[in-house]
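We name chains A, B, ... by the order of the sequence lines, and we start the count at 1 in each one.
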Protein chains: 2
Amino acid sequence: MTNGGALKELDETDHALLEAVQRDGRATLSDLAVEIRLSVSATRARLRALEEQRIITAYAAHVDPEAVGYALRAVVRMKVNGPLFDAEVATVLERHPQIVRCLRVTGESCYMMEIVATGLRDLEEITDDLAQIGPISTDLVYEVVADKPTPVP
Amino acid sequence: MTNGGALKELDETDHALLEAVQRDGRATLSDLAVEIRLSVSATRARLRALEEQRIITAYAAHVDPEAVGYALRAVVRMKVNGPLFDAEVATVLERHPQIVRCLRVTGESCYMMEIVATGLRDLEEITDDLAQIGPISTDLVYEVVADKPTPVP
DNA sequence: GTTGAAACGTGGGGGCT
DNA sequence: AGCCCCCACGTTTCAAC
């Protein structure tokens with residue numbers, strides 16, 4: 001069987017490969033191969049292994065929200081009273097693709113979300129929807145100071 | 001001149017292309033071409049335009065932090081007293097690659113950060129460093145409920 | 001992990017509507 | 001201006017080593 005889920009130790013070459021493919025997700029196997037000083041075939045084998053072990057979970061183009069019309073970014077913290085509100089939250093998440101990130105956390109705020117919006121009117125529409133689940137507090141984002149890939153120690 | 005920064009209206013085909021390349025950042029031009037029902041050349045031209053306009057800012061592999069040894073994820077909010085503490089924050093961000101995201105926001109908490117850590121000991125080391133800049137509050141993340149690409153409306 | 005050869009995808013130029 | 005076809009070249013794939 002092609003053991004796809006086994007946890008294997010990552011050596012230095014794997015680390016270099018992960019680092020390279022995080023920096024440039026569209027780098028060709030040949031590019032990656034010279035970077036990690038291996039043959040193309042060996043590079044492909046390692047990359048496939050990382051994908052099958054679900055260490056690499058996806059490849060994605062990054063689209064600048066501002067460049068496609070989202071002038072605003074906000075962080076919304078939401079508290080829910082009762083037990084788990086996963087269903088309600090899932091519904092809102094599905095209704096609003098502009099909620100680009102949602103974390104369930106410890107502490108006062110049970111959910112933390114990051115939202116992109118074309119303007120305040122647009123943001124209000126989404127927060128109104130969220131406020132029906134639980135009390136929220138909204139902060140606008142001045143600047144994305146850092147957005148770094150997963151470090152590979 | 002090769003006008004690289006002009007804002008151009010994105011048509012339906014561009015939207016489809018952005019959506020496709022966000023879903024699979026490693027899709028070949030041929031794959032993308034059939035998806036958006038265009039020739040390979042036209043697809044390539046549009047993709048290059050999106051890159052040159054900085055609408056597509058990067059391509060990256062997504063690495064699962066848990067799979068590479070980070071058992072914990074935390075959200076840290078930090079308040080700074082005086083004017084701008086960009087220099088201090090930049091230093092800490094550089095010292096700790098495990099701070100994977102940092103936003104400067106309105107409201108009480110001036111900075112919001114997302115941190116991955118191998119354990120509580122590891123997390124403590126980073127928060128101790130942050131606490132020297134300003135008062136912080138730390139929440140652990142139970143679950144990443146959603147992590148969605150930028151919607152293209 | 002490496003090599004090699006066939007299949008496939010890519011990038012530029014010309015011609016089309 | 002934008003798209004399509006063509007062709008040389010680079011890349012990926014899959015064998016055998």
Closest-nucleotide ordering on DNA chain D, the 5'-leading residue of B:Arg26 and B:Asp11: B:Asp11

Do the side chains of [X] and [Y] get close enough for a salt bridge, i.e. N-O under 4.0 angstrom?
| X | Y | answer |
| --- | --- | --- |
| A:Glu114 | B:Arg101 | yes |
| B:Arg23 | B:Glu19 | yes |
| A:Arg26 | B:Glu51 | no |

Could you state the [atom1]-[atom2] distance from [X] to [N], rounded to the nearest angstrom?
| X | N | atom1 | atom2 | result |
| --- | --- | --- | --- | --- |
| A:Glu35 | D:dT11 | CD | P | 14 Å |
| B:Asp31 | C:dG9 | CG | C1' | 10 Å |
| A:Leu47 | C:dG1 | CG | P | 13 Å |
| B:Leu38 | D:dA1 | CG | C1' | 14 Å |
| B:Asp24 | C:dG9 | CG | C1' | 15 Å |
| A:Arg37 | C:dG1 | CZ | C1' | 16 Å |
| A:Leu29 | C:dT10 | CG | P | 12 Å |

With hydrogens left out and only the distance checked, is there a donor-acceptor pair under 3.5 Å joining [X]'s side chain and the base of [N]?
| X | N | result |
| --- | --- | --- |
| A:Thr28 | D:dT12 | no |
| B:Ser39 | D:dC5 | no |
| B:Arg44 | C:dG9 | no |

Minimum side-chain heavy-atom gap A:Thr138-A:Val75 below 4.5 Å: no

C:dG12 phosphate, OP1 or OP2, under 4.0 Å from B:Ser41 side-chain N/O: no

Which nucleotide in D:dG2, D:dC4, C:dT2 has an atom nearest any side-chain atom of B:Arg46: D:dG2

